[in-house]
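A short write-up of the structure that comes next.
Letters go in sequence order (proteins before strands), and every chain restarts at 1. On a predicted model such as this, the values are computed, not experimentally measured, just so you know.
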Amino acid sequence: MAVYFFNTLNRKKEEFKPLKDNEVGFYTCGPTVYNFAHIGNFRAYIFEDLLRRALKYHGYKVKQVMNLTDVDDKTIRDSQKVKMSLNDFTAQYKKAFFEDLKTLKIEAAEVYPAATDHIAEMIELIEVLMEKGYAYQASDKSVYFSIAKFPEYGKLAKIDMENQRAGVRIDTDEYEKDSVADFALWKAYSEADGDVMWDSPWGKGRPGWHIECSAMSMKYLGKTFDIHTGGVDNMFPHHEDEIAQSESANGCTYVNYWLHCAHLIVNGEKMSKSLGNFFTLRELIEKGYTGSEIRWVLLGTHYRKKLNFTFEACDQARTQLKKFSDMFIQLNKAQGGAVVEIDVLISETEEHFKRAIGDDLNISDALSAVYGLYNGVKKLVNDNCAGDYASLAKNDAEKIIIQFKRFNEVLDCLDFDVQEEIVEIDDDIQSLAEQRFQARNNRDWAEADRLRDELKERGYVVEDSKDGWNLKKID
RNA sequence: GGCGUGGUGCCCAAGUGGUCUAAGGGAGUGGUCUGCAAAACCAUCAUUCACCGGUUCAAAUCCGGUCCACGCCUCCA
């Protein structure tokens, strides 16, 4: 089954053809480790996780590389603020990042190269650019890439440098450059960098931002590779600069497919600290949401569409995921002999799902396939088993669960091991419920309702069932 | 100023020339069940796709214009 992606390079959906038959190499711009990642960041990482799982679902072997930017203005600035070494400072956020990935069940990439471990590779690449005449050292000792030497500059972001607003980015430091848009490959050491510096053929300093991605992707994926992803904001200048550097140095296409995800907004507004709508994953977990619920929300909107994050959506996620868990609990009870025609439903929804995620990661359509199975199963059980899952044949129930697990290879939000809620309940609550049960049996409705209200006040909801009652704690 | 994206029911959200009187979810409504509830289940829920024109046998989907929202052009995913 063919896979299609919307390629930013020409703004069209294209059939995906990897360099190697069965293997896909892709590079995803990772975090700058100067703080806890926020949900906007995770929108991008979830998108990339969906990409890798969709590729695997379609039978590809994947090699994903995600960089960790552990040296730049922000990491240096903030490590100095707290008087920590750059390494110690970034180490704590790297650790936090990996913990967060686990919370959101984002699959581990094959390689997580850190910029500071690849200074030598970056220097090597800059040397090639110097030799080939694409780079120059300015009077401020920094090394810049000359975009005038790369006529295709702007092809990704569709930016025509002639028409750009002149002046906005010129500050006093930048007069050294031949052209304002030239970007730094190597930044000469300045006092503000403290003890952060490396030796290079151009003197002490540190790498520019863009060069790490070019150097590290080349090392782990080759000079040309299949897919490169990131947030839309990375399109320009970051990815444009990567293309310029890499293609100038290597003389070949850098990346075949560029995929960019749209931003996340919160309650319709851009997420920002001043609006008070800025959330890290950790804050949401503290509010009581689970990783699966947040994953479901972040996964649920197509990656090229702005995702409006709301608490309402998180609550909906809880409701939706619970529906699936409830069905799994029921399916696990199957032990009857009723055989239902399940195979067609399974193969249809499987095909639907696979086609959808292969169609530029159309998650909405894919989820409709999942609900197709869900609703189809309910209908079969209603029609053939009078709604009683216990009378369903165990073998059929297992087939259904296997298919949901198959979907879960991509979604990874469904929980198959939920037990029916057994709440630890105090004896006095238990006895209130008991008394109410007795009152009901005695048809003393007034007393029964009074006891129900009392239980409610104490935080429990009573649900009557055929042969007794259930107590549920109110959240 | 330049470039780009998007406006689909109460909310979220697919569909991008005919199977669309528009998928799916949430909420709502009606019903079954129940002493009443809750839960569960069943049913129902846009002749319409921001607006105005045009192309076409046929448009939510293509073209032009208008309005609105947003992003990038300032190392923020």
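- At B:C42, one or more side-chain N or O atoms of A:K378 fall inside 4.0 Å of OP1 or OP2 (strictly under the cut-off).
- Taking every side-chain heavy atom of A:Q320 into account, B:G26 is the closest of B:C36, B:G26, B:A14.
- Separating the NZ atom in A:K102 from the CZ atom in A:F97 is a distance of 13.0 Å, to the nearest 0.5 Å.
- For the C1' atom pair drawn from B:C45 and B:C70, the interatomic distance equals 31 Å after rounding to whole Å.
- Residues from residues 367-377 of chain A that place a heavy atom under 4.0 Å from any atom of RNA chain B, listed by number: A:S368, A:Y371, A:Y374, A:N375.
- A 3.5 Å limit on both hydrogen-bonding distances identifies B:G26 as the Watson-Crick or G-U partner of B:C10.
- Among B:A77, B:C11, B:G25, the nucleotide with an atom closest to any side-chain atom of A:K323 is B:G25.
- Listed pair A:K305 / B:A14 meets the phosphate criterion, a side-chain N or O lying under 4.0 Å from OP1 or OP2.
- Spacing of P atoms, B:C3 relative to B:U8, comes out at 26 Å, to the nearest Å.
- Shown here are the side-chain hydrogen bond (donor to acceptor under 3.5 Å, both in side chains) partners of A:N308, two or more places apart in sequence or in another chain: there are none.
- Contact annotation: A:N362 side-chain N/O to B:G15 OP1/OP2 distance is under 4.0 Å.
- With both pairing distances under 3.5 Å, B:U47 is matched to nothing as a Watson-Crick or G-U wobble pair.
- Judged by Watson-Crick or G-U wobble contacts below 3.5 Å, the nucleotide B:C36 has no partner.
- For B:C11, the base has no donor-acceptor partner in the side chain of A:N308 [N/O atoms by modelled type, under 3.5 angstrom].
- Remark: C1' of B:G6 and CG of A:L307 are 14 Å apart, rounded to the nearest angstrom.
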Check your understanding: Should A:E242 and A:H238 be marked as a side-chain hydrogen bond (donor to acceptor under 3.5 Å, both in side chains) after you check the CA-CA gap, both sets of side-chain angles, and the distance that decides it?
Key -> CA-CA 6 Å; A:E242 282 184 47; A:H238 184 49; 2.9 Å; yes

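- Across the strands present, B:A69 finds its partner in B:U5; the criterion is a Watson-Crick or G-U wobble pair with both atom distances under 3.5 angstrom.
- The pairing partner recorded for B:C57 is B:G18, the criterion being a Watson-Crick or G-U wobble arrangement whose two distances lie under 3.5 angstrom.
- Nearest to the side chain of A:Q316, among B:A39, B:A77, B:C11, sits B:C11.
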- Query: Does the pair A:E48 and A:Q64 meet the rule for a side-chain hydrogen bond (donor to acceptor under 3.5 Å, both in side chains), with working shown?
  - Reply: CA-CA 9 Å; A:E48 286 148 2; A:Q64 178 186 3; 5.0 Å; no

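- When distances run from any side-chain atom of A:T319 to the nucleotides B:C42, B:G26, B:A77, the shortest one goes to B:G26.
- Taking atom P in both B:U5 and B:U44, the straight-line distance is 39 Å, to the nearest Å.
- Using C1' as the reference atom, B:G18 and B:C62 are 14 Å apart when rounded to the nearest Å.
- The gap from the P atom of B:G54 to that of B:C10 amounts to 28 Å, rounded to the nearest Å.
- On the C1' atoms, B:C67 is 10 Å away from B:C52, given to the nearest whole Å.
- Residue whose closest nucleotide on RNA chain B sits further toward the 5' end, between A:R452 and A:M235: A:M235.
- Residue A:K158 places no side-chain N or O under 4.0 Å from the OP1 or OP2 atom of B:G2.
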